[in-house]
Structure formats: structure tokens, C-alpha cells
Amino acid sequence: MTESTSTSVVRPRAFLHEVRYERPAKGRVAAGPALRDLTFLVAPGEAVGVLGTRKDGADDLVDLVCGFTAPDRGTVYVEESMATVTRATAFTLDESLQFNMERVAMGYGINGAALKSTVRLVGEEAEAAEDLPRLVSDCDELVIERVRLCLALATGAPLLLLDEPAAQGRALTSDDAAERLGRYLRQGGSMLVVSKSPRLLSQLTERSLWLHEGEVLAEGPSATVARRFRQHAQAVKDGDRNLARQLLRRFRRQHKPARYLLQEGGRRRA
């Protein structure tokens with residue numbers, strides 16, 4: 001459980017506390033800090049976005065949350081159960097859609113009669129029942145992404161991680177998807193969306209943080225964070241280096257990171 005400096009107390013779905021991670025050296029590329037003193041939480045019923053690219057440390061953040069790597073400093077807590085729509089759970093092109101669904105569902109511990117029932121229901125929910133025997137390579141990309149989202153939600157996991165969902169934009173922003181995700185959040189589910197698209201995060205999340213070269217420069221309503229990101233991106237695009245540096249300095253001064261006191265429990269990744 002965590003407690004902010006205010007009187008509110010919340011048991012988060014995910015909580016990263018003063019996390020620092022240094023990316024290992026590879027070949028001629030020297031080791032360097034990928035994440036610096038990162039602190040944020042995802043509360044029950046909340047959709048939180050992280051705006052950033054691989055260079056900014058977004059991939060490293062996903063690896064930490066998934067437990068693929070450990071921080072050099074700080075602590076990562078997540079819910080016991082988490083569903084993911086990430087590169088790690090991508091479907092294999094030369095296998096059938098049904099085979100891929102079963103493989104992913106079994107990874108969530110769904111087996112036996114429940115496995116067959118889940119695949120059937122997800123196929124119907126995603127309007128993909130006729131596509132189940134087809135190779136993934138022969139299926140429409142929109143169908144595949146609808147299936148992946150519906151399957152993740154069907155696990156009943158309290159935390160959903162979406163990693164770089166730009167390719168899934170149509171599947172995630174359709175009216176049907178909005179209803180599914182809205183129902184999931186209303187029932188107490190939580191969502192963490194990591195993307196380089198400010199527009200997509202504004203559509204999917206209420207609150208976001210902007211991760212720039214391992215440092216959080218802004219956190220707050222997704223529309224406000226997107227506006228600051230676009231200001232800096234426009235200055236870079238225009239070749240106005242002075243303005244770009246001024247904006248970064250201003251955003252650093254204005255950003256007041258939330259402070260939390262770790263009290264107890266969630267599943268500790270590291």
C-alpha cells in the first residue's frame with residue numbers, strides 16, 4: 001500500500017518507487033541511465049499512460065513492470081495477476097488464430113474446459129469466430145488486434161498493460177473497444193498504456209506522464225501532457241534548439257513529482 005503526502009491512501013495495481021535503471025553496455029554502446037528516479041502508481045479503476053520511445057526508456061519500463069529485468073535502485077510492485085498486450089505476447093504468423101489464442105490463454109493459467117470456452121467466447125466477442133482456423137498471416141490485422149485485446153480482458157486480471165499499441169489504434173479506439181475498456185475500468189480494472197503517440201494516450205487514458213531520456217518531465221491530465229510534448233517536438237522539428245532547451249528546462253522546473261510512503265504489500269518485482 002502507498003500513502004501520498006496528502007491524507008489519501010490507496011492500494012495500487014502497480015507502483016514504481018524511486019526506480020533507477022542503467023542500460024547495460026552493448027558492443028561500442030556504453031552503459032547509461034535509462035530511467036532516473038522514476039516514481040508513479042496506477043490506482044484501481046485508473047487508466048495511466050506513459051509517453052515515450054525506446055530511447056526515452058519506455059521499453060525498459062515495460063521490462064521492469066513485466067519482471068523481465070530488475071532495477072538498479074528502487075522498487076517495483078505490481079498486482080499478482082497482470083494481462084499484457086505487448087510484443088512478448090504477439091501472435092505467431094504461421095500458426096492458426098485459434099492455436100495462438102490457446103497458447104496465450106494457457107500462459108494465463110486457463111486450461112481444460114475453461115480454455116475451450118474462453119477461446120469460443122473471445123472469438124464471438126471479437127467477431128472472429130470464422131477466422132479461428134485461419135493462419136494469422138491470412139487474417140486481417142484489425143481482427144487480430146481485437147482478439148488480442150478481448151483475450152487479455154477475458155483473463156479477468158486486475159491490471160492490463162498495453163505496450164506501444166499504435167498498431168492497434170483502430171482496435172483500441174473503436175466504439176466497441178471503448179465500451180469494453182470502459183466496462184473493465186468501471187469494474188475496478190486498471191490499465192497502463194506505454195506509447196509514443198500523445199494522441200492515442202489522450203484517447204485511452206485520463207492521466208499520463210512524459211518520459212524524456214529516462215526522466216519524467218510532465219505528469220497530469222493526458223491532454224496537458226500531450227500539449228507540452230508537442231510544444232517541444234515542434235521546436236525540435238523547426239530546428240530551434242534554443243527553444244527546445246528552454247522548454248525542457250521550464251518543464252523540469254514545473255514538474256513536481258508526487259511523493260509516496262510505501263507501507264505494505266502488492267507483489268514485489270524487485
Side-chain angles (χ1 to χ4, degrees), residues 1-4 10-44 46-90 103-104 106-109 148 152 155 157-165 189-196 201 205 207-219 255 257-270:
M1 183 179 294
T2 60
E3 183 177 3
S4 68
V10 62
R11 182 183 182 90
R13 300 294 193 202
F15 179 53
L16 280 73
H17 185 244
E18 297 180 356
V19 167
R20 183 178 180 88
Y21 176 71
E22 187 166 297
R23 194 175 292 129
K26 290 186 178 180
R28 296 183 179 181
V29 180
L35 298 169
R36 297 192 292 273
D37 299 321
L38 178 62
T39 294
F40 76 94
L41 65 77
V42 183
E46 186 179 31
V48 177
V50 177
L51 178 60
T53 64
R54 181 174 185 175
K55 176 183 177 183
D56 298 316
D59 286 5
D60 302 296
L61 170 60
V62 170
D63 287 346
L64 288 167
V65 171
C66 290
F68 298 150
T69 189
D72 296 305
R73 191 181 70 197
T75 309
V76 179
Y77 285 84
V78 298
E79 271 287 353
E80 184 71 23
S81 177
M82 177 177 67
T84 63
V85 181
T86 69
R87 288 181 294 277
T89 57
R103 173 178 59 84
V104 173
M106 290 173 67
Y108 290 121
R148 294 182 71 201
T155 66
L159 176 63
L160 174 63
L161 170 64
L162 302 177
D163 174 25
E164 194 43 63
S190 302
M191 189 163 65
L192 176 61
V193 187
V194 182
S195 176
K196 61 185 177 183
L201 291 182
T205 67
R207 180 170 64 87
S208 293
L209 56 93
W210 171 20
L211 191 61
H212 177 75
E213 297 183 356
E215 178 185 11
V216 177
L217 290 185
E219 182 176 1
H255 175 55
R259 298 182 63 186
Y260 301 97
L261 174 64
L262 186 63
Q263 292 185 329
E264 60 177 283
R267 181 181 179 186
R268 182 170 178 166
R269 288 289 191 206

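Just so you know, these numbers come straight off a predicted model, no measurement behind them.
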message: Applying side chain to side chain contact (heavy atoms under 4.5 Å, CB included) to Leu201 and Ser195, what does each step give before you reach the verdict?
response: CA-CA 7 Å; Leu201 291 182; Ser195 176; 4.0 Å; yes
Does a side-chain heavy-atom distance below 4.5 Å link [X] with [Y]?
X      : Y      : result
Pro44  : Pro158 : no
Val216 : Leu211 : yes
Leu217 : His255 : no

What distance do [X] atom [atom1] and [Y] atom [atom2] have between them, rounded to the nearest 0.5 Å?
X      : Y      : atom1 : atom2 : value
Glu18  : Leu38  : CD    : CG    : 10.5 Å
Tyr108 : Arg103 : OH    : CZ    : 10.5 Å
Trp210 : Glu215 : CH2   : CD    : 10.0 Å
Leu16  : Leu61  : CG    : CG    : 6.0 Å
Leu51  : His212 : CG    : NE2   : 11.0 Å
Leu35  : Asp56  : CG    : CG    : 10.0 Å

query: When Glu213 is tested against each of Arg23, Arg36, Arg54, Lys55 for salt bridge (Lys or Arg N to Asp or Glu O under 4.0 Å), which residue passes?
result: Lys55
query: Short question: side chain of Thr155, backbone of Ala157 - any donor-acceptor pair under 3.5 Å?
result: yes
field: Test item: Thr205 side-chain N/O and Ala47 main-chain N/O as donor-acceptor pair under 3.5 Å
entry: no
- request: Decide yes or no on side chain to side chain contact (heavy atoms under 4.5 Å, CB included) for Leu192 and Leu160, but give the supporting numbers first.
  value: CA-CA 6 Å; Leu192 176 61; Leu160 174 63; over 6 Å; no
- request: Salt-bridge test for Arg20 and Asp72: reply yes if a basic N is under 4.0 Å from a carboxylate O, no otherwise.
  value: no
message: Strictly below 4.0 Å, N to O, side chains only: are Glu219 and Arg207 in salt-bridge contact?
response: yes
Looking at every heavy atom in both [X] and [Y], which two are closest together, and how far apart are they?
X     : Y      : value
Asp60 : Tyr21  : OD1-CE2, 3.4 Å
Arg13 : Ser190 : CG-OG, 2.8 Å
Leu64 : Ala70  : CD2-C, 3.6 Å

message: What verdict does the side chain to side chain contact (heavy atoms under 4.5 Å, CB included) test give for Leu161 and Leu159, after you've listed the backbone C-alpha separation in whole Å, the side-chain angles of each residue and the deciding distance to 0.1 Å?
response: CA-CA 7 Å; Leu161 170 64; Leu159 176 63; 5.6 Å; no
message: Is there a side chain to side chain contact (heavy atoms under 4.5 Å, CB included) between Val19 and Phe40? Walk through the geometry before answering.
response: CA-CA 10 Å; Val19 167; Phe40 76 94; over 6 Å; no
